[in-house]
Amino acid sequence: MKRLLFPLAVAGLSAAVLAVPASAAPTWASDNLLPKPADAYGAAAFWMDANGAALRKATQYRLDTKDVPKLVSAKTTDTTDGKPGMTGPTTTAKPAASKNVNLPKTIGKVFFQDKDGHLHWCSATSIQSQQRNLVATAGHCVFESDGKDDVYDKWVFIPGYFQGKAPFGVYVGAYAFTAYDLDTYDDYDGDFAFVAVHNGFALTGQKEVVKSEFAKWAGDKWVKHEEIKKDEYDAGFEKYGPAGPYWSKDEDVTPEKVAHNYPGEKTLTKVEVTESEYEKAAKDTADDVNGEQYEKVRTPISQETFKELQAKQGDGKWTGKLEVTKVGDVETAWFENHYYIKQWVKAGKTVRYFRDHYFIGLAKDMGRLGDVVGGQGVAWNQPLGQSVTVFGYPSAAHPDGDRPFSGVTPKWCAGKTGTKSWQVNMFRVETHQVLKCSMTGGADGGPWLMKYDNNKRTGYVNGVTSMFHDYDGNDRIDYVSSAIFDGEVADVYNKANYAKTKSIVGPNGELLK
């Protein structure tokens with residue numbers, strides 16, 4: 001991984017003043033996601049509302065590039081920068097023999113909202129940590145790639161995610177940790193992140209409360225308005241007074257706020273218009289569910305009146321249309337045509353009366369992430385050429401347009417990583433490890449697990465999917481790459497290990513402060 005370079009002179013200062021030992025160069029950066037319980041609760045409620053509608057609306061993250069990143073050259077230099085190390089996994093899964101690859105409970109999706117309001121997801125996994133609360137994913141799935149130290153909004157991790165469901169709960173990100181160079185310079189040599197998450201929780205329902213309790217509730221809450229008659233409102237207001245918890249009225253209801261034919265709001269009135277306006281109304285009203293809103297009236301007039309209007313019409317003083325009917329050569333009737341549009345016009349303000357119902361959203365604490373689904377081990381400074389199993393939720397199409405993956409269920413690749421580190425033609429990548437694999441976008445952030453035990457469903461995270469490559473130029477993804485987990489990754493992991501989080505809901509579903 002690249003180290004930061006300091007200029008020899010800035011604003012007249014000498015090189016000696018700016019001399020910094022290599023060991024003092026920053027290697028890690030951290031940012032707050034949603035450390036406050038109320039914010040965390042709101043983020044989870046956002047994703048889980050309406051039976052997970054926002055989750056299903058999200059799309060896989062896309063790199064900000066029109067071209068597929070390409071592997072351009074390989075290096076044989078040593079990629080380690082210290083002694084190899086590992087921390088062992090924890091698991092809650094029961095051993096089960098299988099000829100196929102068993103999916104670990106630790107993997108899932110992270111969901112987030114970017115600065116433009118778009119909803120996206122990446123892949124991720126729970127990992128071992130002192131606080132049993134860490135998630136490993138790609139750095140670009142946590143930090144916006146704009147060099148502004150921004151993190152994504154509403155960031156959550158859902159292990160075992162499937163079609164809008166969160167079987168093990170929703171875990172909201174509290175603190176994010178990554179390589180300093182990625183956070184500051186978008187350096188994809190450090191495209192990884194560890195996120196400390198709050199205890200998971202599941203939304204369990206709703207509870208109607210009085211207005212005073214509703215006002216104190218910092219979590220998800222809403223008001224439902226039941227329209228009532230005036231005498232019901234008067235009785236309630238008399239009983240509770242102006243501060244009563246259940247009664248309200250809307251004195252600002254106007255026709256613009258309701259359907260045009262709302263009772264008492266508008267009256268249907270004819271307005272005379274020109275022929276062109278009439279024809280436009282007739283065309284626009286063809287599919288109007290409210291019925292015909294245009295009318296043509298033919299009024300008989302005398303021959304003398306007809307000639308007077310005809311003269312005015314010739315002088316531009318009258319714009320109506322005249323019509324004469326004939327039987328043979330005899331003119332038998334004279335008509336003046338009038339065109340009307342039927343419009344709903346405001347008939348005055350209407351006061352509406354309501355009984356207000358106050359609801360708060362309840363949740364159940366699911367416990368610490370590592371206690372619920374376990375956590376994969378973490379390994380660093382390992383030699384290249386390791387056998388790994390890579391998991392993720394691929395969804396994006398190949399460069400040729402073929403889309404073989406849905407992103408709904410996790411997939412996997414297995415094999416040995418390349419024995420050389422590779423450069424990439426964009427995103428400032430100098431040292432990535434690579435694996436032959438055809439998974440596409442959406443799998444980014446997924447773990448590269450060394451020594452994966454198919455029975456225990458555990459291994460050691462030695463990378464996370466960062467990029468997808470078409471190496472042979474046939475418009476198909478054939479390689480994925482990851483930042484190399486070296487001593488700097490261990491430094492960031494060590495910092496993340498100390499991040500403490502907590503439950504954000506109490507035993508009765510209340511929001512904790």
Side-chain angles (χ1 to χ4, degrees), residues 47-48 51-69 101 103-114 116-126 135-145 152-167 170 188 191-193 195 388-414 427 434-449 463-471 474-482:
W47 290 108
M48 298 307 297
N51 197 29
L55 295 173
R56 290 188 292 272
K57 183 180 178 181
T59 59
Q60 78 277 353
Y61 175 84
R62 295 178 183 271
L63 287 174
D64 187 17
T65 175
K66 296 181 181 179
D67 300 315
V68 177
V101 172
L103 299 174
K105 290 171 63 177
T106 61
I107 63 171
K109 286 185 178 181
V110 298
F111 293 86
F112 50 88
Q113 184 180 53
D114 67 19
D116 296 320
H118 302 139
L119 307 180
H120 296 298
W121 51 262
C122 289
S123 302
T125 185
S126 169
V135 175
T137 188
H140 69 257
C141 298
V142 184
F143 295 82
E144 294 222 39
S145 299
Y152 291 115
D153 195 19
K154 297 180 174 60
W155 198 99
V156 302
F157 173 59
I158 302 181
Y161 173 81
F162 180 74
Q163 291 187 334
K165 305 298 182 182
V170 180
Y188 270 53
D191 188 23
F192 66 90
V195 176
V388 296
T389 304
V390 176
F391 294 95
Y393 288 80
S395 175
H398 285 283
D400 65 3
D402 181 42
R403 188 169 179 256
F405 305 110
S406 67
V408 173
T409 56
K411 303 298 180 182
W412 56 273
C413 290
F427 292 102
V434 300
L435 175 72
K436 190 172 181 59
C437 176
S438 62
M439 285 198 293
T440 60
D444 34 350
W448 294 32
L449 296 177
V464 291
T465 300
S466 171
M467 293 183 176
F468 308 88
H469 309 274
D470 171 18
Y471 181 63
N474 68 345
D475 286 335
R476 305 283 294 183
I477 299 299
D478 47 28
Y479 276 86
V480 294
S481 67
S482 163

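Here the structure is a predicted model, which is why all the values come from computation and not from measurement. What's counted below: heavy atoms across the whole structure, side chains too, no hydrogens, waters or symmetry copies. Numbers here are sequence positions counted from 1.
Lys165 pairs by the side chain to side chain donor-acceptor pair (under 3.5 Å) definition with Asn51, not counting sequence neighbours. By the side chain to side chain contact (heavy atoms under 4.5 Å, CB included) test, Ser481 pairs with His432, Val434, Met467, His469, sequence neighbours left out. Listed by chain and number, the residues in a ring-ring contact (aromatic ring centres under 6.0 Å, His included) with Phe391 are Tyr452 (sequence neighbours excluded). Among residues two or more places apart in sequence or in another chain, the ring-ring contact (aromatic ring centres under 6.0 Å, His included) test is passed with Phe468 by none. Listed by chain and residue number, Trp448 satisfy the side chain to side chain donor-acceptor pair (under 3.5 Å) test with Thr465 (two or more places apart in sequence, or in another chain). For Thr125, the side chain to side chain contact (heavy atoms under 4.5 Å, CB included) partners are Thr106, Ile107, Ile127, Ala136, Gln376, Pro447, Val461, not counting sequence neighbours. In this view, Asp153 satisfies the side chain to side chain donor-acceptor pair (under 3.5 Å) rule with no residue, not counting sequence neighbours. Shown here are the side chain to side chain contact (heavy atoms under 4.5 Å, CB included) partners of Ala54, two or more places apart in sequence or in another chain: Phe46, Trp47, Leu119. For Asp191, the side chain to side chain donor-acceptor pair (under 3.5 Å) criterion is met by His140, Ser466, not counting sequence neighbours. Judged as a side chain to side chain contact (heavy atoms under 4.5 Å, CB included), and not counting sequence neighbours, Pro167 has no contacts. Among residues two or more places apart in sequence or in another chain, the ring-ring contact (aromatic ring centres under 6.0 Å, His included) test is passed with Tyr471 by Trp422, Tyr479.
Of all heavy-atom pairs between Thr137 and Ala124, the closest is CB-CB, 3.8 Å. Closest heavy-atom contact between Lys109 and Tyr393: CE-CD2, 3.4 Å. The shortest non-hydrogen separation linking Ser123 to Ala443 is OG-CA, 3.5 Å. Taking every heavy atom of both residues into account, Cys413 and Met439 meet most closely at SG-CG, 3.9 Å. Closest heavy-atom contact between Ile477 and Asp470: CD1-N, 4.4 Å.
Note that CD of Gln113 is 11.5 Å distant from OH of Tyr152, once rounded to the nearest 0.5 Å. Between atom NE2 of residue His398 and atom CG of residue Asp475 there is a gap of 10.5 Å, rounded to the nearest 0.5 Å. Annotation: the span from Thr389 atom OG1 to Leu435 atom CG amounts to 9.0 Å, rounded to 0.5 Å.
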Using distance only, find each side-chain donor-acceptor pair of residues 403-411 under 3.5 Å and give its atom names and separation, not counting sequence neighbours.
{"unit_1": "Arg403", "atom_1": "NE", "unit_2": "Ser395", "atom_2": "O", "d": "2.8"}
{"unit_1": "Arg403", "atom_1": "NH2", "unit_2": "Ser395", "atom_2": "OG", "d": "2.9"}
{"unit_1": "Ser406", "atom_1": "OG", "unit_2": "Val408", "atom_2": "N", "d": "3.2"}

One pair to check against side chain to side chain contact (heavy atoms under 4.5 Å, CB included): Phe157 and Val195. What are the steps and the verdict? CA-CA 9 Å; Phe157 173 59; Val195 176; over 6 Å; no
Where do Asp402 and Arg476 land on the side chain to side chain contact (heavy atoms under 4.5 Å, CB included) test, with the steps shown first? CA-CA 9 Å; Asp402 181 42; Arg476 305 283 294 183; 2.8 Å; yes
Let's go through Phe111 and Tyr161 carefully: what are the C-alpha distance in whole Å and the side-chain angles of both, what is the deciding distance for side chain to side chain contact (heavy atoms under 4.5 Å, CB included) to 0.1 Å, and is it a yes or a no? CA-CA 11 Å; Phe111 293 86; Tyr161 173 81; 3.8 Å; yes
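Distance alone, capped at 3.5 Å, places no donor-acceptor pair between the His120 side chain and the Phe112 backbone. Remark: side-chain polar atoms of Trp155 are paired, donor with acceptor, to backbone N or O of Cys141 under 3.5 angstrom. Using a distance-only test at 3.5 Å, with no hydrogens or angles considered, a donor-acceptor pair links the side chain of Asp114 to the main chain of Asp116.
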